[in-house]
Amino acid sequence: KYHQGLENYRICCFSEIPECPLMWSHYSDSHRGFCLEFDASEKSIFGRAMKVIYQNKRPIIDCTKQNENENLCASILTKAKFWKNEQEYRLIGGNDKQPGALSLDNGIFRFSEAFLTGIIFGCKMPSSNIDLVKHWTLLSKNKFTNLTYKKAEMNKTNFSLDIVPL
């Protein structure tokens with residue numbers, strides 16, 4: 001029953017560190033993708049994202065407990081300690097039929113364009129792809145009120161990235 005209950009939830013993951021090369025390597029096609037920045041204030045749905053807990057042991061899930069939320073948080077918000085460098089947050093929502101659910105369209109999260117504040121392009125993203133993404137957003141410029149464009153660049157002295165305005 002517990003595993004069936006998990007099917008009622010949707011998870012969207014975020015990180016607070018756009019300058020981490022490992023994140024770009026793992027999640028953006030080795031620096032060829034892009035990163036979206038969102039308004040995470042209390043007025044935004046992204047402000048509801050919860051910080052992931054990193055530990056060495058798997059959480060104990062007690063299916064006899066009446067508090068389903070406690071089991072949910074333990075199972076969805078816990079990761080192995082070696083992933084701590086991700087500094088991850090997770091936005092958890094119910095399925096589309098539940099109140100306050102994250103809006104889905106064919107399995108893709110939908111959100112108000114007003115909450116998208118920036119796009120960071122990977123340091124190896126082809127300029128033609130950068131132009132294409134910028135073109136898409138410029139077509140809807142009236143929907144993106146605070147959108148900024150940035151690019152990740154390899155730091156010349158450290159094993160890190162610099163995020164610079166475009």
Side-chain angles (χ1 to χ4, degrees), residues 6-54 75-98 100-166:
L6 286 178
E7 293 176 10
N8 291 324
Y9 293 94
R10 303 295 179 253
I11 303 169
C12 194
C13 303
F14 306 92
S15 174
E16 58 184 320
I17 50 165
E19 65 279 353
C20 177
L22 276 177
M23 297 293 284
W24 286 91
S25 296
H26 289 189
Y27 302 113
S28 80
D29 192 23
S30 295
H31 302 262
R32 291 187 293 266
F34 59 91
C35 171
L36 300 177
E37 292 183 304
F38 295 98
D39 173 0
S41 68
E42 290 181 15
K43 67 181 180 181
S44 164
I45 188 170
F46 301 101
R48 295 188 345 214
M50 295 179 279
K51 193 158 184 61
V52 168
I53 300 160
Y54 300 96
S75 62
I76 293 179
L77 293 175
T78 306
K79 285 180 82 169
K81 204 169 208 164
F82 54 79
W83 290 109
K84 189 173 183 155
N85 68 306
E86 291 188 344
Q87 298 180 34
E88 184 176 345
Y89 283 79
R90 291 184 175 178
L91 187 57
I92 303 168
N95 65 29
D96 284 342
K97 297 174 184 77
Q98 296 176 334
L102 300 174
S103 180
L104 291 176
D105 182 10
N106 290 325
I108 298 171
F109 285 109
R110 298 291 178 196
F111 55 88
S112 169
E113 292 92 343
F115 297 133
L116 180 64
T117 59
I119 300 175
I120 304 171
F121 301 104
C123 59
K124 294 182 182 176
M125 186 174 197
S127 58
S128 60
N129 290 354
I130 291 173
D131 292 342
L132 184 61
V133 172
K134 287 171 94 174
H135 176 74
W136 289 336
T137 58
L138 291 173
L139 288 175
S140 304
K141 191 62 176 171
N142 58 338
K143 295 180 183 179
F144 300 110
T145 55
N146 297 316
L147 189 62
T148 61
Y149 301 107
K150 302 173 191 167
K151 185 155 176 66
E153 293 181 352
M154 293 285 184
N155 185 286
K156 304 283 188 243
T157 57
N158 298 316
F159 291 113
S160 65
L161 296 171
D162 296 322
I163 307 299
V164 298
L166 268 184

Taking the side chain as everything from C-beta on, heavy atoms only, tell me whether L116 gets closer than 4.5 Å to F38. yes
Hey, does the side chain of W24 reach the backbone of G33 with a donor-acceptor pair shorter than 3.5 angstrom? no
One pair to check against side-chain hydrogen bond (donor to acceptor under 3.5 Å, both in side chains): T137 and Y149. What are the steps and the verdict? CA-CA 10 Å; T137 58; Y149 301 107; 2.4 Å; yes
Do you know which two heavy atoms are closest between N85 and C20, and how far apart they sit? ND2-SG, 4.1 Å
side-chain contact (heavy atoms from CB on, under 4.5 Å) partner of I17, chosen from E86, E88, Q87: Q87
With rounding to the nearest 0.5 Å, note down the distance linking CG in L22 to OH in Y27. 9.5 Å
From CD1 (I130) to CD1 (I119), nearest 0.5 Å: 10.5 Å
Under a 4.5 Å cut-off applied to non-hydrogen side-chain atoms, are F46 and D39 in contact? no
Minimum heavy-atom distance I120-P18, with the two atoms named: CD1-CB, 3.6 Å
Do side-chain atoms of S44 reach the backbone of F115 as a donor and acceptor pair under 3.5 angstrom? no
Of V52, L91, L36, which is the lone residue that meets side-chain contact (heavy atoms from CB on, under 4.5 Å) with F14? L91
Hey, could you give me the CD1/NZ distance between I53 and K79, rounded to the nearest 0.5 Å? 13.0 Å
Heavy atoms of S30 and K124 approach each other most closely as O-CD, 3.7 Å
Salt bridge or not between K51 and E16? Use side-chain N to carboxylate O under 4.0 Å. yes
Given side-chain hydrogen bond (donor to acceptor under 3.5 Å, both in side chains), test S160 with D162 step by step and report yes or no. CA-CA 7 Å; S160 65; D162 296 322; 4.9 Å; no
Which value, rounded to the nearest 0.5 Å, describes the distance between E19 atom CD and N155 atom CG? 10.5 Å
Would you compute the distance between atom SG of C13 and atom CD1 of I92 and round it to the nearest 0.5 angstrom? 9.0 Å
Can a donor-acceptor pair be found, under 3.5 Å and without considering hydrogens, that links the side chain of T117 to the backbone of E37? yes
Nearest heavy-atom contact between K81 and Y54 is CA-CB, 3.9 Å
With a 4.5 Å heavy-atom cut-off, do S25 and H31 have their side chains touching? yes
With side chains defined as the heavy atoms from C-beta onward, is the minimum distance between M23 and S28 less than 4.5 Å? no
Shortest non-hydrogen contact from P126 toward R32: CD-O, 4.4 Å
Electrostatic pair K151:E153 at N-O distance under 4.0 angstrom: no
Tell me, do M154 and L161 make a side-chain contact under 4.5 Å, heavy atoms counted? yes
Looking only at heavy atoms, which two atoms of A152 and C123 are closest? And how far apart? O-CB, 2.9 Å
